[in-house]
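Numbering starts at 1 and runs along the sequence shown. Side chains included, hydrogens not; waters and symmetry mates left out as well; all remaining heavy atoms used.
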Amino acid sequence: MNAATVDDLLARERRGDRTALVDATGREYDRHWLCTSSWKAGNFLRHSGVREGVTVGVVGEGPLSLLAFFGTTLLEGTTRFDPSTDLADDERFRALVAPTDEGDAYELPPGAQRVYYGDQPDQPGVHHFDAGLWSENPSFPPLSVDPGTALVTDGERTLTHGEALEAARGVVEEHDLEADDRIVVRAPLSNPGTVVAGVLAPLLIEGTIVLTDGTESDRGKRGEVAVSSDPAPEPARIDVERIDY
């Protein structure tokens, strides 16, 4: 749990064959994949102008959405999950990462880049995240991120790396989370508490992040702990509205 900033959770020595992530279909991804793919995402998003002081909107809650978040984090940018569609007046907004069939609904400020995933976009000037991600360099330059750097925002409250990790450690201690736990994300990532409890806390202890899609078929038990404000099938639950951050 010795991490000063979130990029420490993606460091080279954290790679391994333990499962780090399970998607809504049940497909498993190990820690080597998570770290290496996050580095690729950072290298790719750099081409879209992502850097410290800018905001990146991320639409969706699957593995590629998390990679966009981690890539933005490595570049010292700030992620806003599922932002509003009217972003034209947000001068800090630099890039939108969204499914190809949803991205055009967003109005962006001048100069902001569109990065779509899923189907190949046919609009000129729109980057394809999937293709760019897999062709990128699977390494990343050494970092020295300040814990006071903004990490994630919901448009009203912004958490820094230091604040988010402190809150994640609090979640681990309060709920006695362990490395073998599967932490099931059943709350939206647009809530910073979900990112803290459902993404950062598992990474701190090398537990497993389990993603869901909210469908009827995905309402059975999928792990030991649910991250949700509503009742869940898992035997334990972390209420995102009660997380101290």
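When side chains are defined from C-beta on, Val115 counts as touching Phe44, because their heavy atoms get closer than 4.5 Å. Put simply, the side chain of Thr149 does not reach to within 4.5 Å of the side chain of Thr160, judged on heavy atoms. The side-chain heavy atoms of Ile205 and Leu177, taken from C-beta on, include a pair separated by under 4.5 Å. The closest side-chain heavy-atom distance from Asp17 to His32 is not below 4.5 Å. No side-chain heavy atom of Pro188 sits under 4.5 Å from any side-chain heavy atom of Phe81. The shortest side-chain heavy-atom distance between Leu67 and Leu34 falls under the 4.5 Å cut-off. Proximity of Leu21 to Pro63: side-chain heavy atoms (C-beta onward) are separated by under 4.5 Å at one or more points. Proximity of His127 to Tyr117: side-chain heavy atoms (C-beta onward) are nowhere separated by under 4.5 Å.
Residues Arg14 and Leu203 approach most closely at NH1-O, 3.0 Å, considering heavy atoms. Closest heavy-atom contact between Thr5 and His161: CB-ND1, 3.5 Å. Smallest separation of non-hydrogen atoms from Ala24 and Arg222: CA-NH1, 3.6 Å. Closest approach of Leu45 to Ala68, counting heavy atoms only: CD1-O, 3.7 Å. Closest approach of Tyr106 to Val59, counting heavy atoms only: OH-CG2, 3.4 Å. The two atoms that bring Glu241 and Asn191 nearest to each other are OE2-ND2, 3.2 Å, heavy atoms only.
Residue Leu87 is not grouped with residue Val56 when hydrophobic side chains (ILVMFWY) are merged at heavy-atom distances under 4.5 angstrom, including chains of intermediate members. Under the 4.5 Å side-chain contact rule for hydrophobic residues, Val50 and Val6 share a cluster. In the hydrophobic cluster analysis, where Ile, Leu, Val, Met, Phe, Trp and Tyr join through side-chain heavy atoms closer than 4.5 angstrom, Leu133 is grouped apart from Val126. No continuous path of hydrophobic side-chain contacts links Val210 to Phe70 [ILVMFWY only; heavy atoms under 4.5 Å]. Follow the hydrophobic side-chain contacts under 4.5 Å out from Leu204 and you reach Val227 in the same cluster.
At least one donor-acceptor pair under 3.5 Å links the side chain of Asp82 to the backbone N or O of Gly60. The closest donor-acceptor contact from the side chain of Arg242 to the backbone of Val240 lies at 3.5 Å or more, if one exists at all. At distances below 3.5 Å, not a single donor-acceptor pair connects side-chain atoms of Asp119 with backbone N or O atoms of Thr100. Between the side chain of Ser135 and the backbone N or O of Ala131 there is at least one donor-acceptor pair closer than 3.5 Å.
Using a cutoff of 4.0 Å between basic side-chain nitrogens and carboxylate oxygens, Glu234 and Arg186 are scored as salt-bridged.
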**Message:** Between Leu66 and Leu189, does the side-chain contact (heavy atoms from CB on, under 4.5 Å) criterion hold? Intermediate values first, please.
**Reply:** CA-CA 9 Å; Leu66 283 188; Leu189 292 172; 4.1 Å; yes
**Asked** Taking it one step at a time, do Asp230 and Ser228 satisfy side-chain hydrogen bond (donor to acceptor under 3.5 Å, both in side chains)?
**Response** CA-CA 5 Å; Asp230 300 318; Ser228 175; 4.6 Å; no
**Prompt:** Taking it one step at a time, do Leu200 and Leu151 satisfy side-chain contact (heavy atoms from CB on, under 4.5 Å)?
**Reply:** CA-CA 12 Å; Leu200 302 185; Leu151 172 70; 4.1 Å; yes
**Item:** Derivation of the side-chain contact (heavy atoms from CB on, under 4.5 Å) call for Ser190 and Arg80
**Value:** CA-CA 7 Å; Ser190 55; Arg80 182 177 178 183; over 6 Å; no
**Request:** Walk me through it: do Thr78 and Thr73 pass the test side-chain contact (heavy atoms from CB on, under 4.5 Å)?
**Result:** CA-CA 7 Å; Thr78 306; Thr73 296; over 6 Å; no
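If you take CD on Glu76 and CG on Leu143, they are separated by 6.5 Å, rounding to the nearest 0.5 Å. Atom CG in Leu74 sits 8.5 Å away from atom CG in Asn43 (nearest 0.5 Å). In this structure, NE2 on His128 lies 11.0 Å from CH2 on Trp134, to the nearest 0.5 angstrom. Separating the OG1 atom in Thr36 from the CG atom in Leu10 is a distance of 10.0 Å, to the nearest 0.5 Å. The distance from the CZ atom of Arg94 to the CG atom of Leu75 is 12.0 Å, given to the nearest 0.5 Å. Atom CG in Leu9 sits 9.5 Å away from atom CD in Glu206 (nearest 0.5 Å).
Around atom CZ of Arg92, no more than 12 heavy atoms belonging to other residues, nucleotides or ligands sit under 6.0 Å away. The local environment of CG in Asp86 is crowded, with over 12 non-hydrogen atoms from other residues, nucleotides or ligands closer than 6.0 Å. Annotation for Gln120: atom CD counts as buried by contact number, over 12 foreign heavy atoms lying within 6.0 Å. Residue Glu166 places its CD atom among 12 or fewer non-hydrogen atoms of other residues, nucleotides or ligands, all under 6.0 Å distant.
You'll find the ring centres of Phe129 and Tyr116 outside the 6.0 Å limit.
Side chain to side chain, Glu224 and His175 fail the donor-acceptor criterion of an N or O pair below 3.5 Å. No side-chain N or O of Asp30 forms a donor-acceptor pair with one of Thr19 less than 3.5 Å apart.
Ser65 pairs in a side chain to side chain contact (heavy atoms under 4.5 Å, CB included) with only one of the listed residues (Val58, Val97, Leu211), which is Val58.
Using a 30° and 60° split on the angle between ring planes, Tyr29 and Trp33 fall in the tilted class, from 30° to 60°.
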